[in-house]
Trainee: 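Handing you this structure, nothing more for now.
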Amino acid sequence: MDQCDTLKEVKAKYGDDVVTYLKNKNKGGKNNEKGAGYESNFAIFQLSNLFHQVLTSKHDILIYTQPLAFVDDLIVINKDLNSSHSYQLKNIQKITWDGGKHPLETDFKYHHELDKDQGIEDSNTVLTVSNPKLHDKLSKCIPASIADHTKCVLFEDESLNVSLAKESDLKKSLTAICSHSEPDKLSQLHTVMKGVWENNKDQYTSVYDFVTDIRKITPHYLRSFTENIVLESRLIEIFNNFEGFSYEIFENQFSYSYSCDKNSFILEGYFEIDSPEFKSHMEVIIKENPSTFVELLGLELL
């Protein structure tokens, strides 16, 4: 439904005053950029969880921020399941469900009703707060009028470095989709995801398209969730004979490292296993059958 149709439906259901409020809410949300870092981190957290879902279930999932809606900080629509999850983020210390001129309870109620009118069978509204005590309080007093489709979740407001230094929800979600678990690699993946998100967040975008764009930028950081490939037995024999040489196969990547002279010389690298280059190099190694890593280097494949 486009904005004009949304406004027509809101006017018919709730009147002109609510139409004016919705317009102002949408305009304010786009212009204020309040809590931009908090909202961005939450979006990356959600995208990380959705990546896993998209890559393993192949569901068609769309994500969008600040649409013309009563719950508008982030909306996730699963077209295969005919479901939506709409998030309102509140990075503040005090808030209630029923306070103010336009209570959260009313916003959540109207949003859910419009979702149902549009044929969305499983419509969910989610209040996301950064304060643990506030989360505990609001979770226990969700109004009965919205309780069947609403929940309150905690997502703390903290810097990326702090999040990656502990077992935070953001770190866990990034680790689940990253080929590496080191904090610096997770930070780099987060940076790339944030850049792609900022370029696409103002329109409904397929999560799979996000995956594709991020994989183009960091092809060796994002997991593919495919089964690890087993090398030919002859290759395994050759590699195992190289003193100081180690390798690892994870997802679609063959990573190797070599060190000697008490680590005074270290060589590291990787290949994408499904690349023509990897296949041709492995065929040469089997044919030439090097007995040492120095002989392997002489083949000029690394």
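Since we're looking at a predicted model, the values are computed, not measured. Reckoned from all heavy atoms, side chains included, excluding hydrogens, waters and symmetry mates.
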Trainee: So do the side chains of H281 and F271 get within less than 4.5 Å of each other, counting heavy atoms only?
Mentor: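 Side chain of H281 against side chain of F271, heavy atoms only: contact under 4.5 Å found.
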
Trainee: Taking the six-membered ring where the residue is Trp, are the ring centres of Y247 and F254 under 6.0 Å apart?
Mentor: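 Ring-ring flag for Y247/F254: true, centres closer than 6.0 Å.
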
Trainee: Would you indicate whether the side-chain heavy atoms of C141 and W97 approach each other to under 4.5 Å?
Mentor: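 Of all side-chain heavy-atom pairs linking C141 with W97, at least one is under 4.5 Å.
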
Trainee: Does Y21 reach the side chain of D17, with side-chain heavy atoms less than 4.5 Å apart?
Mentor: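 Result no, sub-4.5 Å side-chain heavy-atom pair not found.
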
Trainee: Does the pair S123 and H112 meet the rule for a side-chain hydrogen bond (donor to acceptor under 3.5 Å, both in side chains), with working shown?
Mentor: CA-CA 6 Å; S123 170; H112 179 71; 3.2 Å; yes

Trainee: Mind listing the closest non-hydrogen atom pair of I92 and L134 along with its distance?
Mentor: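 Closest approach of I92 to L134: O-CD2, 3.6 Å.
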
Trainee: Any side-chain heavy atom of D117 sitting closer than 4.5 Å to one from K13?
Mentor: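 SC-SC contact between D117 and K13 confirmed.
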
Trainee: Could you point out which residue of Q46, E158, H190 forms a side chain to side chain donor-acceptor pair (under 3.5 Å) with N41?
Mentor: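 So the option named by the test is H190.
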
Trainee: Please tell me whether I285 and L297 are part of a single hydrophobic cluster in this structure, the criterion being side-chain heavy atoms less than 4.5 Å apart.
Mentor: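 Result: yes, single cluster for both.
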
Trainee: How many angstroms lie between OG1 in T128 and CZ in F42, if you round to the nearest 0.5 Å?
Mentor: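 Going from the OG1 atom of T128 to the CZ atom of F42 covers 3.5 Å.
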
Trainee: Can you tell me how far NE2 of H180 sits from CG of L222, rounded to the nearest 0.5 angstrom?
Mentor: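 Between atom CG of L222 and atom NE2 of H180 there are 10.5 Å.
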
Trainee: Ion pair present between K109 and E113, side-chain N to carboxylate O less than 4.0 angstrom?
Mentor: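 A salt bridge links K109 with E113.
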
Trainee: Salt bridge or not for D73 and K90, using N-O below 4.0 Å?
Mentor: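 Salt bridge: no.
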
Trainee: Will you find, in the side chains of S130 and D157, an N or O donor that is under 3.5 Å from an N or O acceptor?
Mentor: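 S130 vs D157: no donor-acceptor pair found between side chains.
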
Trainee: Do E268 and Y256 pair up side chain to side chain, a donor and an acceptor below 3.5 Å, judged on atom types alone?
Mentor: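 No, no side-chain donor-acceptor contact under 3.5 Å.
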
Trainee: Extract all donor-acceptor atom pairs below 3.5 Å that involve side chains of residues 75-82 and protein atoms in other chains or at least two apart in sequence.
Mentor:
unit_1, atom_1, unit_2, atom_2, d
N78, OD1, D80, N, 3.0
N78, OD1, L81, N, 3.0
N78, ND2, H59, ND1, 3.2
D80, OD2, D60, N, 2.5
N82, ND2, G119, O, 2.9

Trainee: Hey, could you give me the CD1/CG distance between I214 and D209, rounded to the nearest 0.5 Å?
Mentor: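 Nearest 0.5 Å value for the CD1-CG distance: 11.0 Å.
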
Trainee: For F242, does the CZ atom sit with more than 12 other heavy atoms under 6.0 Å from it, leaving out its own atoms?
Mentor: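 Enclosed.
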
Trainee: Answer yes or no: is there a donor N or O on one side and an acceptor on the other, between the side chain of T150 and the main chain of I146, under 3.5 Å?
Mentor: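 A pair under 3.5 Å: yes.
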
Trainee: Is a side-chain N or O of S57 found less than 3.5 angstrom from the main chain of Q53, in a donor-acceptor match?
Mentor: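 Present.
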
Trainee: On a heavy-atom basis, which atom in S84 and which in D115 lie closest, and how many Å separate them?
Mentor: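 Closest heavy-atom pair between S84 and D115: OG-OD2, 2.9 Å.
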
Trainee: For S291 and E295, which I'm curious about, is there any donor-acceptor pair between the side chains at under 3.5 Å?
Mentor: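 Yes, a side-chain donor-acceptor pair sits under 3.5 Å.
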
Trainee: Is V153 close to L127 at the side-chain level, that is, under 4.5 Å between some pair of heavy atoms?
Mentor: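 In short, these two side chains do not touch, never coming nearer than 4.5 Å.
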
Trainee: Side chains of N26 and N24: is there a donor and an acceptor less than 3.5 Å apart?
Mentor: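 Side-chain D/A pair, N26 to N24: absent.
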
Trainee: Output the distance between atom CG (N200) and atom OG1 (T65), rounded to the nearest 0.5 Å.
Mentor: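 So the gap between those two atoms works out to 12.5 Å.
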
Trainee: Just so I know, are the side chains of V10 and F70 near enough to count as touching, which here means a heavy-atom distance under 4.5 Å?
Mentor: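 Counting from C-beta outward, V10 and F70 do come under 4.5 Å.
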
Trainee: Answer yes or no: are there more than 12 heavy-atom neighbours, outside E232 itself, under 6.0 Å from its atom CD?
Mentor: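 Check fails, neighbour count at 12 or below.
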
Trainee: Does the distance from a Lys or Arg side-chain N to an Asp or Glu carboxylate O, for K201 and E39, drop under 4.0 Å?
Mentor: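 Here K201 does not pair with E39 in a salt bridge, since their nearest N and O are not under 4.0 Å apart.
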
Trainee: Is the distance between the ring centroids of F210 and F51 under 6.0 Å?
Mentor: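 For F210 and F51, the ring centres are not under 6.0 Å apart.
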
Trainee: Mind checking the NZ-CG spacing from K194 to L160? Nearest 0.5 Å is all I need.
Mentor: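 Spacing of NZ (K194) from CG (L160) equals 9.0 Å.
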
Trainee: Is there a donor in the side chain of S173 and an acceptor in the side chain of N49, or the other way round, less than 3.5 Å apart?
Mentor: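 There is no such pair (donor and acceptor under 3.5 Å, judged by atom type) between the side chains of S173 and N49.
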
Trainee: Do the side-chain N and O atoms of Q88 and D72 include a donor-acceptor pair separated by under 3.5 angstrom?
Mentor: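 Yes, because at least one side-chain N or O of Q88 sits under 3.5 Å from a partner of the opposite role on D72.
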
Trainee: Less than 3.5 Å apart, any donor N or O on the side chain of S181 or T175 sitting next to an acceptor on the other?
Mentor: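 Checked: S181/T175 side chains show no N/O donor-acceptor pair below 3.5 Å.
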
Trainee: If we ignore angles and hydrogens, is there a donor and acceptor under 3.5 Å between the side chains of H111 and S86?
Mentor: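 A pair is found: one side chain offers a donor N or O, the other an acceptor, under 3.5 Å apart.
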
Trainee: Measure the shortest side-chain to side-chain distance between L189 and I177 over non-hydrogen atoms and say whether it is less than 4.5 angstrom.
Mentor: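 Result yes, sub-4.5 Å side-chain heavy-atom pair found.
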
Trainee: Can you establish whether the number of heavy atoms outside Q203 located under 6.0 Å from its atom CD is more than 12?
Mentor: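 Yes.
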
Trainee: Check whether any side-chain N or O of K116 sits under 3.5 Å from a backbone N or O of E121 as a donor-acceptor pair, and report yes or no.
Mentor: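 Judged by distance alone, yes, a pair lies under 3.5 Å.
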
Trainee: So, are K171 and E167 salt-bridged, with charged N and O less than 4.0 Å apart?
Mentor: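 Yes, K171 and E167 are salt-bridged.
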
Trainee: Can a donor-acceptor pair be found between the side chains of E156 and S168 at a distance below 3.5 Å?
Mentor: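 The criterion, which ignores hydrogens and geometry beyond distance, is not satisfied for S168 and E156.
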
